[in-house]
Amino acid sequence: MKKTVILGALTVAGLAAGAAAAATLDDVKARGKLNCGVTTGVPGFAEPDANGVWQGFDVAVCRAVAAAVLGDSTAVEFVPTTGKTRFTALASGEIDMLARNTTWTFSRDVDLKFEFTGVNYYDGQGFMVPAALGVSSAKELDGATVCIQTGTTTELNLADFFRSNGISYEPVPIETGSEAVQLFLAGSCDVYTTDASALAAQRANFPSPGDYVVLPEIVSKEPLGPLVRHGDNEWGDIVRWTLNALITAEELGVTSDNIGELSAGSSNPEVNRLLGSEGTLGEMLGLDAEWAKRAIMAGGNYGEVFATNIGVDTNIGLARGLNAQWTDGGLIYSPPFR
Amino acid sequence: MATLSDPPRESFQLSMLLNDTRYRSYTFQFIALFILIAAMAYLGWNLVQNLAAAGLNISYQFLGEPAGYDINQRLIEYTSQSTHWRASVVGVLNTLLVAIVGCFFATVIGVIVGVLRLSNNWIVRQLMSVYVEIFRNVPVLIWILIVMAVFVSVLPQPRDFRGDDPAASMFLDLFAFTGRGFYLPGPQFSAGFAANGVGWLIIIGLLIASFFSARALSNWATKTQEATGDRPVTWYYTLAIWFVPLILACIVMGLNWDIPALKGFNFQGGIFARNSLIALTLALAIYTAAFIAENVRAGILAISKGQTEAAASLGLRPGRTMSLVILPQALRVIIPPLISQYLNLTKNSSLAIAVGYMDLTGTLGGITLNQTGRAIESVLLLMLFYLTISLSISFIMNIYNNSVKLKER
Ligand SMILES: N[C@@H](CCC(=O)N[C@@H](CS)C(=O)NCC(=O)O)C(=O)O
């Protein structure tokens with residue numbers, strides 16, 4: 001662990017930062033592969049399936065970008081990162097973008113010099129406890145042992161929450177989500193806390209999910225989204241507008257079923273601009289006219305990606321809630337394609 | 001008159017830098033040095049350039065800002081509002097705690113195993129070889145994880161102590177051995193003046209006083225023995241010197257035991273030895289002990305057999321031969337490699353994060369580095385801390401080595 005951090009630090013120092021400012025787009029094209037940082041495994045968000053193919057809500061963002069840029073949604077090298085290694089991996093140029101339920105915060109954006117290209121999931125931190133403990137509110141957790149992942153906003157929110165409520169706890173710092181789950185199930189900690197979406201996703205894969213309850217409190221705002229390095233705005237634009245293309249596609253009713261037909265031309269000019277039959281948006285990005293069409297075809301529009309990976313019909317069963325389109329009372333909102 | 005004298009001094013020529021063996025080595029050393037400096041300068045320059053290009057700078061200001069995270073094990077006062085610097089100090093102290101306790105146990109186990117490896121008893125000898133070979137041939141990280149796994153999956157959790165018919169119960173109603181760690185009765189003083197650690201200072205003061213009194217007594221006994229040939233029997237005085245003041249002090253200060261009890265989520269009260277601390281210390285100790293045992297064995301084998309035979313012919317029993325004749329001499333051979341083992345143990349303690357123990361690498365090199373993004377600064381500071389700790393250990397051990405090494409007169 002220490003080694004990777006040091007190596008990462010040295011790489012930042014010695015080699016890659018010079019290249020980082022250069023055009024990431026050219027690098028990706030020359031390599032023929034997108035290096036995309038993901039988690040070490042959270043069901044529904046990013047996890048290799050039985051065949052070793054990465055699947056999930058965050059993975060879909062990587063695939064859409066690869067499809068837009070390289071024309072091949074499978075041309076992605078997935079790099080598993082932990083809460084601790086993800087930022088060094090991105091800063092050092094080991095990965096071109098990070099799509100790993102990472103919270104957009106001031107200091108990550110400004111001080112760590114990253115550029116968040118949007119929000120693909122509006123989340124908040126929650127708590128999970130064994131039902132047998134009979135706890136019904138996070139405020140009753142005085143003296144509890146809490147499993148947390150280090151290097152996350154989770155551990156900072158947790159300290160704030162307990163301090164502001166004047167109660168104490170015993171933190172058990174852990175590197176990855178799967179280890180945390182293992183310790184939690186073994187009873188090494190009373191409470192497991194992380195983003196509520198990840199809680200739901202991991203709980204769905206417990207041997208007996210019914211034995212565990214997620215407490216009602218949501219103690220923070222966790223806008224999760226993909227990010228890139230500061231300094232390469234062209235690349236940042238590509239990632240940002242790829243995500244926006246998925247969101248706009250849902251808003252305009254472009255789905256993987258009707259996209260073939262719509263891309264020939266439709267009566268809605270914005271659909272035409274999005275899919276490249278009108279205007280030169282792709283060219284402005286340094287891509288071709290069909291970039292967004294390919295991105296949407298990779299896994300469907302935002303709503304389809306949500307539904308297939310984490311939606312109510314999956315075993316994870318997350319409702320859209322805040323992540324509904326703005327037209328449905330949610331916060332998912334893309335600036336116009338114009 | 002023709003005398004043999006120094007050959008005439010040749011004037012220095014540039015070609016001599018390569019052709020003359022007197023100068024050639026300097027030339028090459030200079031070139032090597034130059035290349036080394038150039039390489040370092042290149043890397044340093046690259047660092048500065050690339051940091052500037054990425055819009056980053058080297059600054060240690062973050063050390064003064066609130067850390068924002070909690071640390072479970074702290075030997076000094078620390079809250080999430082304390083600074084990153086204080087978090088680093090908490091980490092340093094945790095590292096030192098593991099290092100000191102680990103070195104102590106490693107030495108005790110190592111010496112015992114090392115001596116027993118030379119035992120005349122075949123079974124004991126073989127058992128000790130098995131111990132040494134198993135422990136030194138499996139990476140220490142694996143040992144740490146194995147010990148931790150025992151905690152997590154074998155020992156009962158606090159929840160098992162709960163309910164009307166609990167699956168687990170406290171040992172003698174005093175000790176609780178749980179997967180989260182060991183809860184032990186903790187001594188405390190009820191007298192008002194002994195509050196806030198004053199009681200402990202008094203105890204420590206008494207122990208120091210007893211130590212010196214006992215030494216004075218034994219010196220007096222030795223003097224008497226030298227003068228009269230008879231050694232006065234002093235053991236009951238010694239016992240009294242050690243225990244009477246201690247017991248009196250404990251009674252006066254109202255010593256009582258704080259017995260851990262299940263309250264809420266965890267056991268409360270008494271002393272809590274966290275599972276990560278025990279797992280890390282134990283694994284490091286048994287691993288390093290295997291190496292120390294080999295050092296001890298080598299040290300003992302270095303003492304010629306004649307010494308043992310001579311001691312035997314003087315009528316010394318094997319145990320006394322070992323402690324009075326062999327070990328003092330063997331120490332000279334044992335101490336230098338022992339220093340390296342202590343250093344190894346200390347540096348290996350940086351694997352602590354594997355079990356979530358918040359040592360220096362976990363606080364400064366882990367959470368602080370990560371939350372502030374100050375990787376280069378943190379890693380440099382981390383190296384400085386470890387260097388200081390290691391050099392201090394070497395320094396102290398070298399003083400000790402000088403005091404036991406052969407004094408040539
Ligand atoms: N949103 C928070 C927390 C992110 C986080 O670490 N989430 C966990 C949820 S389980 C995760 O992705 N773990 C997977 C892993 O360890 O690779 C942050 O950005 O700091």
Option passing side chain to side chain contact (heavy atoms under 4.5 Å, CB included) with Phe265(B) (candidates Val129(A), Leu133(A), Thr145(A)):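 Answer to the side chain to side chain contact (heavy atoms under 4.5 Å, CB included) test with Phe265(B) among Val129(A), Leu133(A), Thr145(A): Leu133(A).
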Asn370(B) CG to Thr82(A) OG1 distance, which is reported to the nearest 0.5 Å: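 Asn370(B) atom CG to Thr82(A) atom OG1 measures 7.5 Å (nearest 0.5 Å).
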From CA spacing to verdict: salt bridge (charged side-chain N to carboxylate O under 4.0 Å, His left out), Asp111(A), Arg374(B): CA-CA 10 Å; Asp111(A) 194 30; Arg374(B) 296 281 168 191; 3.7 Å; yes
Looking only at heavy atoms, which two atoms of [X] and [Y] are closest? And how far apart?
X: Met358(B); Y: Pro173(A); answer: SD-CG, 3.5 Å
X: Thr372(B); Y: Leu112(A); answer: O-CD2, 3.3 Å
X: Gly143(A); Y: Asn266(B); answer: O-ND2, 2.9 Å
X: Leu156(A); Y: Ala67(B); answer: CD2-O, 4.1 Å
X: Ser80(B); Y: Ala159(A); answer: CB-CB, 3.7 Å

Quick one: what part of [X] sits under 4.5 Å from any heavy atom of chain B, side chain, backbone, both or neither?
X: Phe162(A); result: neither
X: Asp142(A); result: backbone
X: Val135(A); result: side chain
X: Glu140(A); result: backbone

CA sep, side-chain torsions, deciding dist, call: Arg180(B), Glu170(A), side chain to side chain contact (heavy atoms under 4.5 Å, CB included): CA-CA 11 Å; Arg180(B) 290 180 192 174; Glu170(A) 151 107 13; over 6 Å; no
Largest heavy-atom contact set with chain A, pairs under 4.5 Å, which of Gly264(B), Gly68(B), Gly373(B), Gly366(B):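 Ranked by contacts with chain A, first place is Gly68(B).
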Max heavy-atom pair count under 4.5 Å with chain A, selected residue of Gln81(B), Gln49(B), Gln73(B):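 The answer is Gln81(B).
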Under 4.5 Å from a heavy atom of chain A, the part of Leu155(B) involved: neither
Contact origin within Phe272(B) toward chain A - heavy atom pairs under 4.5 Å: side chain
Residue, of Ala132(A), Pro130(A), Cys189(A), that accumulates the most heavy atom pairs under 4.5 Å with chain B: Cys189(A)
Side chain to side chain contact (heavy atoms under 4.5 Å, CB included) between Glu155(A) and Ile367(B), intermediate numbers included: CA-CA 9 Å; Glu155(A) 69 190 341; Ile367(B) 306 184; 3.1 Å; yes
Close side-chain approach of Lys84(A) to Ile353(B), heavy-atom, < 4.5 Å: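 SC-SC contact between Lys84(A) and Ile353(B) confirmed.
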[X], [atom1] atom: more than 12 neighbouring heavy atoms under 6.0 Å:
X: Lys221(A); atom1: NZ; value: no
X: Gln268(B); atom1: CD; value: yes
X: Phe206(A); atom1: CZ; value: yes

Thr152(A) backbone acceptor or donor facing Gln371(B) side chain under 3.5 Å: yes
